[in-house]
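Values in this document were obtained by computation on a predicted structure and should not be read as measured data. As the structure lists them, so they are numbered: ligands from 1, and atoms in each ligand from 1.
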Amino acid sequence: MKKSSKDYQRLGKGGHWMIRLSLSVVFFLSGLFKAIDPKGTSYKIAEYLTSFHCYQLADNEMLMLGTSLCLCLVEFVLGVYILLGIRRRLASWLCLILSTGFALLSLYVWIFNPVSDCGCFGDAVVLTNTQTFLKGVFLLTLAGMYFRYWNKTESLLSDGSHWIVSLFSMCFIFLFGMLSAFYLPMVDFRPYKVGVNILQAMEIPHDAEAPVYESSFILSKDGKEKRFSLENYPDSTWTFVRAENKLIKRGYEPLVKDFSVSDTLGNDLTDRILTEKNLFLLVSSDFSHADDAHIDEINEIVDYCHSKGYEFAALTASSGEDISKWQKYTGANYPIYISDEVVLKTMVRSNPGLMLLEKGTVMAKWSCNNLPMPEEDTDILSLHQDTRTSFLQLLKIILCYVIPLLFIIFVTNLQRTNKTNLNNSKMRKKIVAGNWKMNKNLQEGVALAKELTEVVKNPNCGVVICTPFIHLASVAEVIKGSAIELGAENCADKASGAYTGEVSAEMVKSTGAQYVILGHSERRQYYNETPEILKEKVQLALANGLKVIFCIGETLEEREANKQNEVVKAELAGSVYNLTAEEFKNIVIAYEPIWAIGTGKTATAEQAEEIHAYIRSTIAEVYGQAVADDTTILYGGSCKASNAPELFAKPDIDGGLIGGASLKAPDFKGIIDAWK
Ligand code: 13P
């Protein structure tokens, strides 16, 4: 057994599912969280680029937003692919590439501290840089394992629904991300969300834990730099270069750490702003990049506030020159105050955006694309905003994706089931084939064939009798004009020549036979027919216009060790999966568990169906679903008139290869009648 198979067995199906679930949840959620706040993600990407000194790229807001949306899409769709088993190979590659990239980035973040948090899950889950690194390593390990066993991932969907599920997922996440960028994030994970009192959020309890830093000092001597701590600080022969402080343990951190407002002269107005009643704040981190398409609406709101006696002011981090330009361009007659750029971007993800504060409590926020327009009978103050918990909002968004997705899966699966049933009943050929083995002399064989022609009239399936070589020519004469077709039980692995006692495929064909059984377990076992020999035989049979009934099946020990799938797949791979799809159309598979042949023990209909479906899935892997759907797969092993109906009722069982019960016409006829 291959080492990877052994390793997989150790991992087990459960282990594989755990890896699959973990990866899909991580990618699905990180894509979703980023799409909830694509602008936040674009700021984070710009932060990374700035740390790499790519200032021009980082300054291009549209490029950053586009990159952010692409990242959301790739992560979200990858999560869906891994969970549902869509495009498994592509998904495993993508997962490995992304995880490797993230692991390298997290190592960089851990060592160089360029950002305070990685932004993997937007603002929903904030990790320290050490946690980010550990997460990166863990994710890469899982991705490596998933990549190794990608082909063990079973698809939860029918092939036909893959493209529509992909398309729906891509459209959903892209549109959702666009809407979030155009308006405001539908779930606010930031400190300035509606309902938060900024004043309270800034408070630090007097017994709060302080942060712990480790200080180190870099000094030089003779052109060499060395790091010291306070404990081993060197003598004055060393020259001080710089000091470094590393955060060892975060202390208590208030929800809002850095909110402050001042006027253009530098006077602190924070307290005033946070105690004001009905204060409308126009928030613009940078006036020079603000969307100026809504100036009239903003001015209308300003007039409205003045008429109602509400305060209106602007907060910005713009330069004095940009502030003057804004005032001139918009005719702003409201006070403009200064605050930190990052704080302003965190407060409202829109430039400009509007925030309503009531004594420091955030009452509402609006993007410039949906400003609240004053109407005669409604006061803007009464336009309360949703303060439901983030969890419920998140659930609502996930349901908006999951419910239509389930509907799509249901409809496409229904269509496929109908199509498969149609395939089963109409397209795929049903066959009942007899394998006489080494029974009946010539006269007995001819008599049986004659009797069969009398009883088998208008069967609902193909009927084939496979006889010893010496019967072929005579039986061919007897069954001429009947519904019965003829096959041999073997043929040589050589085309012709000095091979005493052998019968070639060409000779078989010349008797009038259309089929030949190859790979029967009795020939594998007693005549040492190896996969290579069978490969030759199959090639020669097909080259001579014969159809091949190719037998596969496991021993009792193999079944008990639960290796049946592995065994049948290897038998197919060893002798017939080298064929072209066109050649493969002339192959009929006969699954014959060796422990059921001539023993009276039949595989249960469920056992047989399970492995038939598996065989069909491996054919689909090699030749595609259409060829797999057209391949006839027979069951063989103590099949009788009494159990045939139950076996044949299974969707992937297309008939039987019958040994003992094919030697008596009434018995054989009873099995053929199971198709009625
Ligand atoms: P039985 O039907 O006698 O079990 O034999 C099955 C078989 O080997 C057909 O090829």
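- Checking each of E502, E489, E529 against K537 for a salt bridge (Lys or Arg N to Asp or Glu O under 4.0 Å) leaves exactly one that passes, namely E529.
- Atoms of ligand 1 lying under 4.0 Å from at least one heavy atom of L657, given by number and element, are 9 (C), 10 (O).
- With hydrogens and angles ignored, the 3.5 Å screen pairs no side-chain donor or acceptor of R523 with any backbone N or O of I517.
- Side-chain N/O atoms of N562 and E560 include no donor and acceptor closer than 3.5 Å.
- Residue contacts with ligand 1 include S638, since one of its heavy atoms falls under 4.0 Å from the ligand.
- In terms of polar-atom proximity, defined here as any N/O pair under 3.5 Å, N435 does make such a contact with ligand 1.
- Among all non-hydrogen protein atoms, the one lying nearest atom 2 (O) of ligand 1 is G659 N, 3.0 Å.
- Although no hydrogens or angles enter the test, the distance criterion places a donor-acceptor pair under 3.5 Å between the side chain of S638 and the main chain of A596.
- Contacts of A596 with ligand 1, taken as heavy-atom pairs under 4.0 Å, involve the backbone alone.
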task = Walk me through it: do E485 and K547 pass the test salt bridge (Lys or Arg N to Asp or Glu O under 4.0 Å)?
result = CA-CA 11 Å; E485 294 179 283; K547 291 188 182 124; 5.1 Å; no
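- For atom 5 (O) of ligand 1, the nearest non-hydrogen atom of the protein is K437 NZ, 3.4 Å.
- The nearest heavy-atom contact from the protein to atom 7 (C) of ligand 1 is E592 OE2, 3.2 Å.
- If you look at I597 next to ligand 1, the close heavy atoms, those under 4.0 Å, come from the backbone and the side chain alike.
- Taking every non-hydrogen atom of G637 and a distance limit under 4.0 Å, the qualifying atoms of ligand 1 come out as 4 (O), 6 (C).
- Considering backbone and side-chain atoms together, T599 places no N or O closer than 3.5 Å to any N or O of ligand 1.
- For the side-chain hydrogen bond (donor to acceptor under 3.5 Å, both in side chains) criterion with R616, the lone passing option out of D654, T631, D629 is D654.
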side-chain contact (heavy atoms from CB on, under 4.5 Å) evaluation trace for Y146 with L96 = CA-CA 8 Å; Y146 181 69; L96 189 68; over 6 Å; no
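- When each atom of ligand 1 is checked for a heavy atom of G598 under 4.0 Å away, the hits are 1 (P), 3 (O), 4 (O).
- Distance from atom 3 (O) of ligand 1 to its nearest protein heavy atom, with residue and atom name: G660 N, 2.9 Å.
- Looking at R428, its side chain never comes within 3.5 Å of a backbone N or O of D630 through a donor-acceptor pair.
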